[in-house]
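Notes follow once the structure below has been shown.
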Protein chains: 2
Amino acid sequence: MSERPEQRKDAVDAIIEQWATVRPDLDTAAMEVFGRVGRLTLAMGDRMDKAYAKSGISRGEFDVLATLRRSGEPYTLSPRQLSATLMLTTGGMTGRLDKLERAGLLRRSPDPHDRRGLRVTLTDKGLGVVDEAVAAGLAVQTEALSALDAERAALLADLLRELLAGTERP
Amino acid sequence: MSERPEQRKDAVDAIIEQWATVRPDLDTAAMEVFGRVGRLTLAMGDRMDKAYAKSGISRGEFDVLATLRRSGEPYTLSPRQLSATLMLTTGGMTGRLDKLERAGLLRRSPDPHDRRGLRVTLTDKGLGVVDEAVAAGLAVQTEALSALDAERAALLADLLRELLAGTERP
DNA sequence: GGAAAGTTGCTTAGCGCTAAGCTACTTTCT
DNA sequence: AGAAAGTAGCTTAGCGCTAAGCAACTTTCC
C-alpha cells in the first residue's frame, strides 16, 4: 500500500501479522495507529517517571504541582479544580495532596468564603521542585522527539490534534 | 510556523499557552506531540473498556485472552510467556489468570515436561468471548480513526512507527 | 557424579486509584 | 422566612498492580 522504501518492522507490525494469520477477516488498520500510541505512552511514561524521580516526586504528583504552577500567582486552586483538570476522582486527589503536603510542597488552608471548601497552595519549596522537574521532563520528551526532524514532528503534532479533536467530541 | 488555515485549539494548546505565560523560557514543542499522545491513550482507554465490558471482561483480561488467541492453536502459553508479552510482573498475571479461570474462559494445567511449570489454555467459551471482544474493540478504534482520511491515517501510522522505533532503542 | 550457584516459576504483602458515604452549603417552593 | 431537596466538597473501604519471597529445576565446576 505504501511506496515507502523500507521501514523496519516493529512490535505492532508483528502483532498485526499474527492476527492476519489467525483471523484474516479482521480489519486491523486502526491498530497501526492506536497500538503505537499506546506503546509510546507506556515507554515515555517510564522515562518521565525517572526524570521526575530525580526531584523526588512521582508523575501523578508532578501533575498536581504543574497544574498549580501553570495557574500562575498565587499558585492556589481548590481540590475540586485539581481533580477536574487531571480527570481524577476526588478520592485519588485526597491521597496525592496528603503526600505532597507531608513533603512540604503544598499547603491546605480553609476557603474563607465557603466553609466546606479548601484551598491548595504551592509552597516555595514546591515551586522550586516543580520548576526543576518540568525542565527535566521536557528534556526527556525533546530528546525522544529528535528522532523526527522538525518538519515531520510538526506534521505529527497536527495529525494528532486533528485525531484528538475528532475523538473528544464526536 | 504552520500555514494551515485554521486548526481549532485543543486542551493541549491551552496548557502550552499557560506555560508560555508563566515560564516563557521553556521549549514546549515536544508537548505538542506527547501531550496529545497521552490524552489519546486516556480517551481511547475509556472507550475500549466499555467495548470489552459488553463481553464481560476488562481491558487487562482482554489482553491475556487476545495474546492466547493470537498465538494460534492450541491456544496455549505459559504464565511466563504471557507476563513477558504483556510487560507485566508475574504477580499481576497470577491475579488475572485467577479471575479468568474462575470465569471459565481459560484453564490452567501442569506442564508435563517441567514440574515447576504451568500451561494456560483458552477454553471454547474463552475463544468465543475474545473473538467477540476483538471485533468490538476494533470497531471503536476504526470509528475514532475515521476522523482522518485514509491517506492521513497511513501517514500518521508511519510517523508513529518512526518515532517509536527511535524511542525504543536509542 | 555430586553439589552449589543460577535461573525460572509462582503465590503473598504494601501502594494507589475508583466507588460509596457523610457533611455543609444553596436554592427553591410555600 | 422556613424547610426540604439538591448540589458540591471531602475523607474512608474494596480492587489491581509492583515488589519481595519461596520452591523446583538446570547447569557448571571440581
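Letters A, B, ... mirror the listed sequences (proteins, then strands); counts begin at 1.
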Problem set entry | Under 3.5 Å: donor-acceptor pair, side chain of A/Thr28, backbone of A/Ile16 | no
Exercise. Sub-3.5 Å donor-acceptor pair from the side chain of A/Arg96 to the main-chain atoms of A/Gly60, do we have one?
Worked result: yes
Seminar exercise, completed: Letter by letter from the 5' end, nucleotides 6-17 of chain D scores (B base, S sugar-phosphate only, - none; protein heavy atoms under 4.0 Å) --BSBBB---SS
Exercise. If you measure from the Lys or Arg side-chain nitrogens to the Asp or Glu carboxylate oxygens, is any gap between A/Asp10 and A/Arg36 under 4.0 Å?
Worked result: yes
Problem set entry | Residue B/Asp149 excluded, over 12 heavy atoms near CG under 6.0 Å | yes
Exercise. Quick one: B/Leu82 CG to C/dG9 P, roughly how many Å, whole number?
Worked result: 11 Å
Exercise. Do you know which of B/Arg108, B/Arg107, B/Arg102, B/Glu61 makes side chain to side chain contact (heavy atoms under 4.5 Å, CB included) with B/Leu97?
Worked result: B/Arg108
Seminar exercise, completed: Whole-Å distance, A/Asp111 CG to C/dT23 P, equals 21 Å
For this session: May I have the distance from B/Leu77 (atom CG) to C/dG9 (atom C1'), rounded to whole angstrom?
Result: 15 Å
